[in-house]
Trainee: 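Starting off with a structure, shown below.
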Protein chains: 2
Amino acid sequence: MNKWCCPKGRKSYHHGNLRQTLVESALDILKEGTLADLSLRALARKAGVSQTAPYRHFKDKEALIAALKEEGMRKLGEGMQKLMEEEKDPLQRLQKLGMRYVQFAEKYPAHFKIMFEYELGDYDKYTELHNVSDNGFSCLQRTVNECLALPGARKVAPAVAQFSAWSMVHGLSVLLMNQSLIKHMKEDHFVDLGDRNQIAEMVTRSFSESLVK
Amino acid sequence: MNKWCCPKGRKSYHHGNLRQTLVESALDILKEGTLADLSLRALARKAGVSQTAPYRHFKDKEALIAALKEEGMRKLGEGMQKLMEEEKDPLQRLQKLGMRYVQFAEKYPAHFKIMFEYELGDYDKYTELHNVSDNGFSCLQRTVNECLALPGARKVAPAVAQFSAWSMVHGLSVLLMNQSLIKHMKEDHFVDLGDRNQIAEMVTRSFSESLVK
DNA sequence: ATTTTAATATTGACAGCGTAAACATTAAAA
DNA sequence: TTTTAATGTTTACGCTGTCAATATTAAAAT
């Protein structure tokens, strides 16, 4: 009585939750590959679905990428927010927030790159992405403010210190991700340039400490 | 006596200096477009040459991109090296070096992105690129060292301060380039978040000053 | 000056990509 | 039960990077 049902090897004509599957597959690819390895067609193939099926869930490739950004920002933001409760000392927390940021970049470099290096045509269109992103950033900002309120804090405009903190931690992430850039550093008796975690620890601590006397 | 000479509208069968032309056209495109707008075929068309002609000068697209990186690193490095002679005060110079870096990113964002965000498959293959890049970075490093030798300087391992400086200035460049990221900053009475130059000035100065008491 | 060779160009082809248009199937709403 | 909206499919177009085979010519060797 069935016509011959379902495109090959699927139980129903409809996939069920293609959108989520696509996002997850994409993240999967990004774990071992780069943005260049990410194609809608490849995702469709992986999901066992026709090459235009993704277009029912994403207007275009950019929309898929926006979803990946959102996913990453959410995860990064959650990690940082958890630190807001776990660590009450502002200076310590500032350092730990930085480490979270750096470690995210180290663990998911391709995902991180998409989050920060892929520019959307119209950022404002993706309001949920904007909200989610705000989460992590505001942790950083609030913590910087707390540091500046500490006795003996350096006198800097909050926005300047916030910008500095964010710049520092972002730049650090990029530099550490980039094997080749590290090669431009000269060797040093106190620092093992091969140990990225040590570098991150020292730089973030140094920044934290620079905010107070 | 001519066979019918030359592919349409060229004086000789050979182009003359196709390699340079391609690089310049590429930089041209990057002035108003992005890496996504850059295709070998488009460059070939622009140069009035067949679509495979570029392959006589670049092994593949990546090789062309490496040339673009090199061009940018050379320019950035030269600008920074000039500052080494112009400004003798280390703290002042450190700040100005940072400003150069940031301004380069602001003026040639797409080029900057290629320089730092496009990862070559095999960086070591491009030794000239490596040398040229070293120029600018070592200016930053030497200047940081001079600052640390100043009376009243903070006690930090040189490599840590160098890494911090570079991270700071690179992260700052990225953040300022990214219109959308700035939106996540809260407004501030002392800083005009719309004035990227002012932000850069304040952040770089703040960093410079943080190295000495 | 003539021949040989290496550099530089061309045409044609292939597979992969993003995505638009037209149509099919089915789950959910009326 | 019928209608409709959501979710699929097929086919097609133009773009891309790049390969193989071939042509032209400037420069080197004779």
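Numbers restart at 1 for each chain; the letters A, B, ... are given by sequence-line order, proteins then strands.
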Trainee: Please report the distance, rounded to the nearest Å, between CG in Leu18(A) and C1' in dT26(C).
Mentor: 16 Å
Trainee: Out of dA21(D), dG8(D), dT10(D), which nucleotide sits closest to the side chain of Thr52(A)?
Mentor: dT10(D)
Trainee: Gln51(B) side chain: which of dC17(C), dT25(C), dG12(C) is closest?
Mentor: dG12(C)
Trainee: Are Phe190(A) and Phe163(B) an aromatic pair by the rule of ring centers under 6.0 Å?
Mentor: no
Trainee: Whole-Å distance between dT9(D) P and Arg41(A) CZ?
Mentor: 13 Å
Trainee: Atom CG of Asp37(B) and atom P of dT16(D): how far apart are they, to the nearest Å?
Mentor: 11 Å
Trainee: Would you indicate which nucleotide in dT10(C), dA6(D), dT19(C) comes nearest to any side-chain atom of His14(A)?
Mentor: dA6(D)
Trainee: Tell me which nucleotide among dA22(C), dT8(C), dT18(D) gets nearest to the side chain of Arg56(B).
Mentor: dT8(C)
Trainee: Provide, to the nearest angstrom, the distance between the CZ atom belonging to Arg19(A) and the P atom belonging to dT7(D).
Mentor: 11 Å
Trainee: Expressed in angstrom and rounded to an integer, what is the separation of Lys61(A) atom NZ from dG18(C) atom P?
Mentor: 4 Å
Trainee: Rounded to the Å, how far apart are Tyr55(A) OH and dG18(C) P?
Mentor: 6 Å
Trainee: With distance as the sole criterion, is a donor-acceptor pair present between the side chains of Tyr123(A) and His130(A) under 3.5 Å?
Mentor: no
Trainee: Tell me: CG of Leu43(B) to P of dA9(C), nearest whole Å?
Mentor: 14 Å
Trainee: Nearest 0.5 Å, what's the CG-CG distance between Leu43(B) and Leu64(B)?
Mentor: 6.0 Å
Trainee: How long is the gap from CD on Glu117(A) to CZ on Phe112(A), to the nearest 0.5 Å?
Mentor: 7.5 Å
Trainee: Counting side-chain heavy atoms from CB outward, which of dG17(D), dC17(C), dG8(D) is closest to Ala53(A)?
Mentor: dG8(D)
Trainee: How far does NZ of Lys31(A) sit from NE2 of His111(A), to the nearest 0.5 angstrom?
Mentor: 10.0 Å
Trainee: Which atom pairs link the protein and nucleotides 28-30 of chain C when you take only N or O atoms and keep those under 3.5 Å?
Mentor:
none

Trainee: For dA6(D), take OP1 and OP2 only and decide whether either is under 4.0 Å from a side-chain N or O of His57(A).
Mentor: no
Trainee: How long is the straight-line distance from OG of Ser180(B) back to CG of Asp122(A), given to the nearest 0.5 Å?
Mentor: 10.5 Å
Trainee: Could you tell me whether the phosphate oxygens of dC17(C), OP1 or OP2, come under 4.0 Å of any side-chain nitrogen or oxygen in Arg45(A)?
Mentor: yes
Trainee: Just say parallel, tilted or perpendicular for the rings of Phe137(A) and His184(B), cut-offs at 30° and 60°.
Mentor: perpendicular
Trainee: Which whole-number value in Å describes the distance from Asn17(A) CG to dT7(D) P?
Mentor: 11 Å
Trainee: Can you find a side chain N or O atom of Ser39(B) that sits less than 4.0 Å from OP1 or OP2 on dT16(D)?
Mentor: yes
